[in-house]
Asks: 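Let me begin by handing over the structure; questions about it come next.
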Amino acid sequence: MGEYWQIYLTQGIMILILVFLIIYLIRQRRIIALEKRFEKFALISINDHEKSFFDLIVEFFWKQTHRVSKVLSKSVFLKNYSMRYEKHIKYENKDTFTGMDYITIKFFVGILLVILEIVTLMFQVLNVSFMSLLIAFLIGFLVPDIFLQIEYQKRRKKVEEDLLKAIIMMNNSFKSGRNIMQAVEIVKEELEGPIADEFKKIYLDMTYGLSIEVVFDRFYNRVKLDDAKYITSSLTLLNKTGGNIVKVFSTIEKNFFNKKKLKQEMMSLTSASIFVFRILCFLPFLFIVIIYMLNPSYFSPLFTTGLGRILLVLIILFYILYIMVIKKVLEVKM
C-alpha cells in the first residue's frame, strides 16, 4: 500500500507541475502575441538589450549543448560520427555550431524520451523495464535524423533548382575576364538561399588554399547531386589538361539547361502516374480507418497474439517494399 501511495503522490506532483507549465506557456504565448500586435506602434530603444524568458532558456540550452559537445568530442568514434552532420551547418553558423552539437541534441532527445517513458509507466503503475527505456532512447536518438533528412532534402532540391543560375552567372563572369574565385564570389553575393550558402562555403575553402577540384568535390559530397559531380569532373579535367574555361562552362550551361527542360517535360508526362501512386499509398490507411470505425476490435489479434505480431511485421515490410518498387518504376533518371 505504501508503494502505491508514493506512486500516486509522484503522479499528483507531476500533474501539478505539468498544469502550471501549460498555464505559464499559454500566458507567455498571449504576451508575445500582444507584443507583436503593438510592436509596429511602439518606439523601441536601440540600446534595449533585455532578454525574454524564452531567450534565456534557449541561451542556457545552447550553453549546455556546447559543454556536453566538448566532453563528447574526446571520443574518437563520436567525433568521426559527427563529421556526417557537418553538411547540415549553415555558413553563418559555422563558427558557433559543430557537427558534435547535433550528436549532443540527439542524446538530449533520447534522454527526454526515456524520462517521458518513465513518467508514462509510472502513470500506468507499471514496472520500468530496461528494454522499454532502451527502445525509447533509440527512438529519441534517431528522431532528429528524420527532421534533419527532411530539411536536407529541401535544401538539396533548392540547390538543384538554382544551380543553373549559378552556372550562368559564373559563365558570364568568365566571359568578362574574371577568374574562378571572383566568379564564385559574385554568385555568393548575388544569389540567395541554400545555393548562396553553398557557394559561401566554396569561397571559404578556396581562401584556405584548397585546389579547385578538392573544393568542388567537397561541394558534391555535401549536396550529393549528379550536376555537382559533373562540374567537379569538368573542372578537374580542365585543371589537369588545360583548355578554355569559357567554352567548358558554356557547354555545362547548355547541358544543364537542356537537362532541366527535359526533366520538366518528363515530370509533366509522369504527373498522372505519380498522382495514382500517391493515391495507392494512401488507400490502405483509409481502409484501416474505415474498418476500425466499423469494428474497433477487428485488428486486435495483430497486437495481442504472437502470430498476429509476425503478420503485422510482414505487412509493414511488404508495404515498404511495395512503395520502393513502385517508386523505382516511376523514377525518372536523367
Side-chain angles (χ1 to χ4, degrees), residues 83-99 148 151-269 332-334:
M83 295 299 293
R84 67 177 65 184
Y85 294 94
E86 296 290 336
K87 62 184 179 183
H88 298 292
I89 301 174
K90 294 183 179 180
Y91 178 80
E92 57 268 20
N93 298 330
K94 61 183 177 62
D95 296 327
T96 58
F97 208 71
T98 64
L148 283 176
E151 186 65 25
Y152 173 70
Q153 292 300 328
K154 290 181 180 178
R155 287 175 54 85
R156 184 172 174 268
K157 186 177 181 180
K158 187 62 177 174
V159 170
E160 185 178 13
E161 292 175 355
D162 295 339
L163 190 57
L164 178 59
K165 297 179 184 178
I167 294 300
I168 293 173
M169 294 181 67
M170 291 181 70
N171 192 26
N172 292 335
S173 300
F174 295 142
K175 289 178 181 178
S176 61
R178 293 181 173 88
N179 58 31
I180 190 167
M181 192 166 185
Q182 291 172 331
V184 171
E185 186 177 8
I186 290 174
V187 173
K188 79 179 182 68
E189 294 295 337
E190 296 296 329
L191 294 181
E192 297 179 351
I195 188 68
D197 191 72
E198 291 298 331
F199 270 80
K200 287 177 183 177
K201 294 178 182 178
I202 291 173
Y203 185 80
L204 182 65
D205 289 342
M206 294 175 70
T207 56
Y208 286 155
L210 298 177
S211 61
I212 300 299
E213 53 265 31
V214 172
V215 168
F216 278 88
D217 186 59
R218 285 163 63 93
F219 170 57
Y220 165 72
N221 290 329
R222 286 195 299 269
V223 297
K224 295 296 181 181
L225 292 172
D226 293 336
D227 293 343
K229 188 174 184 181
Y230 180 57
I231 297 173
T232 304
S233 303
S234 300
L235 289 173
T236 302
L237 291 174
L238 184 66
N239 191 38
K240 291 182 178 180
T241 61
N244 191 336
I245 194 170
V246 176
K247 291 184 177 179
V248 171
F249 266 78
S250 296
T251 304
I252 294 174
E253 178 184 337
K254 185 177 179 180
N255 290 339
F256 279 15
F257 180 79
N258 293 333
K259 182 179 178 180
K260 189 172 184 178
K261 184 178 179 181
L262 181 61
K263 187 174 182 179
Q264 290 176 349
E265 292 177 356
M266 294 297 295
M267 289 297 292
S268 63
L269 292 174
V332 178
K333 288 189 176 182
M334 305 298 292

Asks: Do I252 and M170 have side chains that approach each other closer than 4.5 Å (heavy atoms only, starting at C-beta)?
Replies: no
Asks: Kindly compute the distance separating CG (L235) from CG (D217), expressed to the nearest 0.5 Å.
Replies: 11.0 Å
Asks: Please tell me if the side chains of F174 and V248 come closer than 4.5 Å, counting only heavy atoms from C-beta onward.
Replies: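 Not in contact.
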Asks: Are F256 and K260 side-chain neighbours, meaning at least one heavy-atom pair lies under 4.5 Å?
Replies: no
Asks: Could I get the full list of salt bridge (charged side-chain N to carboxylate O under 4.0 Å, His left out) partners for D197, not counting sequence neighbours?
Replies: R155, K201
Asks: Taking everything shown except Q153 itself, do over 12 heavy atoms lie less than 6.0 Å from its CD?
Replies: yes
Asks: Are there more than 12 heavy atoms of other residues, nucleotides or ligands under 6.0 Å from atom NZ of K94?
Replies: yes
Asks: D162 and L191: which non-hydrogen atoms are nearest, and at how many Å?
Replies: O-CD1, 4.4 Å
Asks: Measuring from I231:CD1 to F219:CZ, what's the distance to the nearest 0.5 Å?
Replies: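 These two atoms lie 6.0 Å from each other.
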Asks: Could you state the interatomic distance from OG1 (T232) to CZ (R218), rounded to the nearest 0.5 Å?
Replies: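 If we round to the nearest 0.5 Å, T232:OG1 and R218:CZ are 12.0 Å apart.
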Asks: If you count the non-hydrogen atoms of other residues, nucleotides and ligands that lie under 6.0 Å from CZ in R156, is the total more than 12?
Replies: yes
Asks: Think K200 forms a cation-pi with Y203, using NZ or CZ under 6.0 Å from the six-ring centre and within 45 degrees of its axis?
Replies: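 K200 over Y203 ring: no.
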Asks: Can you check whether L204's main-chain N or O pairs, donor with acceptor, with T207's side chain at less than 3.5 Å?
Replies: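 Yes; at least one donor-acceptor contact below 3.5 Å.
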Asks: Looking at every heavy atom in both A228 and L163, which two are closest together, and how far apart are they?
Replies: N-CD2, 4.2 Å
Asks: Could you check if a side-chain atom of K154 sits within less than 4.5 angstrom of a side-chain atom of P194, using non-hydrogen atoms only?
Replies: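 With C-beta onward as the side chain, the pair stays apart.
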Asks: Can you see whether Y85 has K87 sitting over its ring - NZ or CZ less than 6.0 Å from the centre and within 45° of the normal?
Replies: no
Asks: I'd like to check Y152 versus K224 (side-chain heavy atoms, cut-off strictly below 4.5 Å). Are they in contact?
Replies: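 Result yes, sub-4.5 Å side-chain heavy-atom pair found.
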Asks: Got a second to check how far F257's CZ is from L164's CG, nearest 0.5 Å?
Replies: 7.5 Å
Asks: Report the residue from R222, K90, K158 that forms a side-chain hydrogen bond (donor to acceptor under 3.5 Å, both in side chains) with E198.
Replies: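 So the option named by the test is R222.
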Asks: To the nearest 0.5 Å, tell me how far N255 CG sits from S234 OG.
Replies: 8.5 Å
Asks: Could you verify whether a donor N or O on one side chain and an acceptor N or O on the other, from N171 and S250, lie under 3.5 Å apart?
Replies: yes
Asks: Does a side-chain heavy-atom distance below 4.5 Å link K165 with I195?
Replies: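 Side-chain contact under 4.5 Å: no.
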Asks: To the nearest 0.5 Å, how far apart are CG in N258 and CD in E253?
Replies: 10.5 Å
Asks: L210 versus F216: any side-chain heavy-atom pair under 4.5 Å?
Replies: no
